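So the structure is just underneath, and the comments pick up after that.
Here the structure is a predicted model, which is why all the values come from computation and not from measurement. Side chains included, hydrogens not; waters and symmetry mates left out as well; all remaining heavy atoms used. Quick note: residue numbers are just sequence positions, from 1.
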Amino acid sequence: MVDTAPRATIIDGKAFAAGLVERITAATMRLEHDHGVRPGLAVVIVGDDPASQIYVRNKGETTTRAGMRSETHRLADTTTQTDLLALVQTLNADPGIHGILVQLPLPAQIDSSAVLGAIDPDKDVDGFHVVNAGRLAVGLPGLVPCTPLGSTMLLKATLGDLSGLHAVIVGRSNIVGKPMAQLLLAENCTVTVAHSRSRDLPALCRSADILVAAVGRPEMIRGDWIKPGATVIDVGINRVPSADPVKAAEGKTRVVGDVAFSEATTVAGGVTPVPGGIGPMTIACLLANTYVAACRSAGVESERLDA
Ligand code: NDP
């Protein structure tokens, strides 16, 4: 008989993120008290995409709760690239702003890479600027993309030393998969990066001690793709019809990850849920990056924020 009883630890990203935000808040208060510097984050949103509006509001509220200065710039979806670049330059020059985040996606008339490339790399709290990608690749201090940073923190808090573990990352995007690979290499993992052209993905996944799913395909990674006892980080956020057919017919939806969660719990040693796993860590790491950027701008050594 196949044993389908849950055995995995559910890795509570929400609780860990709450602790991280508490540590950032305390460090922020000390930075302001001892050095007169209050970290400031500016978020820029262009257009009225409802999901982006919710993200931006949450980011603003969390930033203020952490004792930081928060600014939100809401621009019409007809905004030109010239106007957006001018705002970025103003924020680059503002000494009270230490972090700048331009919410993606941007409207079609704007070249996203030109805008992201115009942000001062030392204020690039999303960590998307090529200068920060380069710093990460060669092991220099920079600003690291929030989702892989939060995922790595959670892995270290769960497993301790990651040295020698085989990490398989499914997805090779510039914002998740590639920086995740760099961070896990820096932790001395043996890293495999899989993507849509990889052969025999289930077998690759089964060879992982750490499996990171960053694909954007609902519940693609099944329980029998997971090595017994492996640690699974589910980065995916996918909106699918409600499991209840009546609610689904009314257009109600739910959010699932890239991993078939209930199957994973019967095989893995630990797994992050969706929601409540990597999502909260991403927002917490945005604050961590803003705090670190503020410290660097003031020439102050930042406090350690990991638990
Ligand atoms: P992208 O679409 O940029 O990248 C997806 C990657 O998955 C690509 O490298 C692609 O391969 C690979 N892929 C797609 N289909 C398959 C397949 N069938 N088999 C193997 N690999 C495949 O997505 P992102 O990296 O931006 O995001 C990934 C997921 O993470 C999404 O669900 C997103 O919503 C979520 N996300 C969550 C965040 C959070 O805060 N928790 C933050 C950021 C993202 P190829 O390169 O060959 O096309």
Distance in Å, Ile237 CD1 paired with Thr147 OG1, rounded so as to fall on 0.5 Å steps: 7.5 Å
Minimal non-hydrogen separation, Arg38 against Met68, with atom names: NH2-O, 3.3 Å
Asp244 versus Ser242, side-chain donor and acceptor atoms under 3.5 Å: no
Partner set under side chain to side chain contact (heavy atoms under 4.5 Å, CB included) for Val144, not counting sequence neighbours: Leu136, Leu149, Leu183
Residue pairs passing the salt bridge (charged side-chain N to carboxylate O under 4.0 Å, His left out) test where at least one lies in residues 128-138, sequence neighbours excluded: Asp122-Arg135
Euclidean distance, Cys189 SG relative to Leu155 CG, rounded to 0.5 Å: 7.5 Å
Check: Arg217 side chain, Asp258 main-chain N or O, donor-acceptor pair, under 3.5 Å: no
Side chain His195, main chain Gly171, donor-acceptor under 3.5 Å: no
Nearest heavy atoms of Tyr55 and Gln103, plus distance in Å: CD1-NE2, 3.9 Å
Rounded distance (nearest 0.5 Å) linking atom OG1 of Thr192 with atom NE2 of His166: 2.5 Å
For the student: nearest non-hydrogen atoms of Cys146 and Cys285, plus distance: O-CB, 3.7 Å
Pairwise distance NZ(Lys178) to CD1(Ile169) - rounded to 0.5 angstrom: 12.0 Å
Donor-acceptor pair, side chain of Gln53 and main chain of Gly47, under 3.5 angstrom: yes
Approximate separation, where rounding is to 0.5 Å, of Ile110 CD1 and Thr80 OG1: 7.0 Å
